[in-house]
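I have placed the structure first, in the form of structure tokens, so that the comments after it can refer back to it.
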Amino acid sequence: MPVDDPVTPFLRLTGVRKTYPGVVALAGFEMSIAPGEVVGIVGENGAGKSTLMKILGGVTQPDSGSIEIDGETHAGLSVASSMRAGIAFVHQELNLFDNLDVAANVYIGREPRTGGILNLVDTAKMRADVAPLLKRLGASFAPSTPVANLSLAQQQLVEIAKALSVNARLVILDEPTSSLPAAETERLLEVIAGLKAEGISVIFISHRLGEIERACDRVIVLRDGELVGTLDKAEITHDRMVKLMIGRDLKVAYTAPSTARGTVALAADRVRTAAFPHRDVSLDLHTGEILGLAGLVGSGRTELARVLFGIDRSFGGGLRLNGQPVNFRSAAEAVSQGIFLVPEDRKGNGILLDLPISENVSLPNLPAYARNLLVSKILETEQAEKSRSETGHQGADGCDAYRFALGRQPAEGGAGQVARHAAQGDDL
């Protein structure tokens with residue numbers, strides 16, 4: 001149900017529904033956002049968050065329902081009308097050009113011109129206009145700074161500056177802290193508070209529930225395309241959000257995992273990577289065990305995974321698989337031994353966007369799908385369907401395709417997968 005705000009909502013959605021073949025992406029969704037309100041939207045992959053954002057951005061048209069902006073009702077939005085209404089996105093995958101400076105990125109496609117018939121880009125005006133935007137955000141870099149020289153957190157600020165440059169009234173932040181270390185996350189949360197103080201509304205999408213709890217005035221929870229609950233500020237807690245996301249109480253439904261350990265499946269003995277060639281890492285992974293690698297951005301986690309998977313060479317040490325020494329010279333050799341990698345950059349390194357999901361599933365291990373040296377489309381489709389079922393993917397948002405794009409699948413997906421992490425106090 002929509003919340004009756006004492007302030008007239010800037011944006012209100014009523015009965016918004018969107019379906020795809022065999023899938024209800026959004027089922028009669030309703031919400032309202034007041035000026036200067038920070039609203040968190042949480043839910044599992046496939047819950048409908050991406051579909052909702054596409055509708056707000058004018059990329060996707062709802063099948064039914066209405067969108068009300070400043071009291072004016074629309075059946076749907078176009079990209080242009082969404083931008084005119086002041087709705088701006090900061091995507092998880094930043095849309096910036098590394099070879100341009102900050103000002104050029106903020107005004108890309110909207111550059112002020114000078115020189116009369118020459119129609120030259122007015123670089124001086126762009127930089128002068130961007131300077132106060134950066135000051136509002138507390139940025140420590142200049143409009144003339146090349147984007148390639150900025151950290152990820154600073155690039156997030158450039159995207160927000162881009163939104164402010166078009167007089168945004170609603171800024172949608174999609175997983176903005178997913179790759180940020182703690183200090184830079186704190187800075188971004190301060191920026192959100194600053195936008196709120198200026199009367200700019202914010203939609204904050206994140207799986208880090210602690211950040212949602214701190215930053216948001218209200219939280220909307222989606223599950224399987226339906227709005228299953230709204231929590232006001234005083235009601236926002238980690239456990240309440242998780243319970244709404246998965247539809248059950250974790251403390252009742254789940255017990256602590258067993259402490260029994262199987263045999264050592266994979267052992268790394270004093271392995272050194274390109275990131276830290278003078279420091280070694282040793283670890284044992286037991287059968288039936290989930291081993292976590294924790295650390296800040298740049299700590300060497302990704303580099304270690306690449307060595308274990310055979311993409312990068314080790315600068316020292318060795319690996320043992322089921323007790324036997326191995327030396328993977330390529331990712332193909334690792335795959336042949338039953339080791340698969342879901343990479344950090346799914347879009348850049350994990351999937352081929354112009355190929356269907358079935359071909360992405362088979363790609364890491366084509367010989368397993370070959371008959372008489374030809375890849376069997378039937379086997380590819382069967383495995384893709386099996387993977388879809390195992391991961392609980394419903395096909396609405398597209399994000400869950402990443403879960404099975406590289407081969408071996410998790411035994412548990414959907415709500416069960418979220419529940420196991422949440423029961424251990426993890427961010428989702």
Side-chain angles (χ1 to χ4, degrees), residues 151-152 178-183 207-208 256-351 360-368 387 390-391 402-413 417 420-428:
S151 69
L152 186 58
S178 60
S179 298
L180 299 185
H207 286 117
R208 295 184 175 181
S258 172
T259 57
R261 306 180 76 185
T263 59
V264 176
L266 178 67
D269 181 24
R270 298 191 297 276
V271 169
R272 289 181 285 148
T273 69
F276 299 98
H278 303 298
R279 298 181 182 179
D280 57 66
V281 176
S282 297
L283 58 83
D284 290 338
L285 174 64
H286 295 250
T287 56
E289 181 180 54
I290 300 174
L291 176 64
L293 296 177
L296 298 177
V297 174
S299 62
R301 298 165 302 170
T302 298
E303 290 79 4
L304 178 59
R306 289 171 63 91
V307 168
L308 296 179
F309 191 56
I311 297 175
D312 296 339
R313 70 180 183 89
S314 172
F315 281 69
L319 302 176
R320 298 179 69 86
L321 182 64
N322 296 322
Q324 300 300 315
V326 291
N327 179 25
F328 299 136
R329 292 168 294 182
S330 68
E333 289 188 7
V335 169
S336 70
Q337 295 297 316
I339 298 178
F340 291 80
L341 173 69
V342 178
E344 183 178 27
D345 182 358
R346 316 282 203 268
K347 184 176 179 180
N349 301 322
I351 60 174
N360 273 278
V361 171
S362 64
L363 190 60
N365 195 16
L366 285 176
S387 299
E390 289 177 349
T391 58
Y402 290 151
R403 294 185 187 175
F404 54 83
L406 285 181
R408 181 166 295 175
Q409 318 315 324
E412 177 180 49
Q417 196 170 37
R420 179 160 63 183
H421 290 296
Q424 300 175 41
D426 297 339
D427 287 332
L428 298 175

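When a residue number appears, it is its place in the shown sequence, counting from 1. What you see is a predicted model; the values in this text were computed from it and never measured.
- When every heavy atom of Pro364 is checked against every heavy atom of Val335, the shortest pair comes out as O-CG1, 3.3 Å.
- Sorted by first then second residue, the side chain to side chain donor-acceptor pair (under 3.5 Å) pairs that include residues 317-336, not counting sequence neighbours, are Arg329-Glu333.
- Nearest approach of Ser299 to Phe276, heavy atoms of both residues: O-CE1, 3.1 Å.
- Considering every non-hydrogen atom in both Ser314 and Val307, the closest pair reads CB-CG1, 3.9 Å.
- To the nearest 0.5 Å, the span separating CD1 on Ile339 from CG on Leu319 amounts to 8.0 Å.
- Taking each heavy atom of Thr273 and Phe315 in turn, the nearest pair found is C-CD1, 3.8 Å.
- Contact of the Leu304 side chain with the Val271 side chain is registered, since non-hydrogen atoms from C-beta on lie closer than 4.5 Å.
- Here the CG atom belonging to Leu293 is positioned 8.0 Å from the CG atom belonging to Leu308, to the nearest 0.5 angstrom.
- Remark: side-chain polar atoms of Arg261 are not paired, donor with acceptor, to backbone N or O of Glu289 under 3.5 angstrom.
- To the nearest 0.5 Å, atom CZ of residue Arg306 and atom CZ of residue Arg313 are 13.5 Å apart.
- The minimum heavy-atom distance linking Pro343 with Gly350 is given by the pair CG-CA, 3.6 Å.
- In this structure, CG in Leu291 is found 9.5 Å from CG in Leu266, a value given to the nearest 0.5 Å.
- Using a cut-off of 4.0 Å between Lys/Arg side-chain N and Asp/Glu carboxylate O, Asp280 and Arg270 are scored as not salt-bridged.
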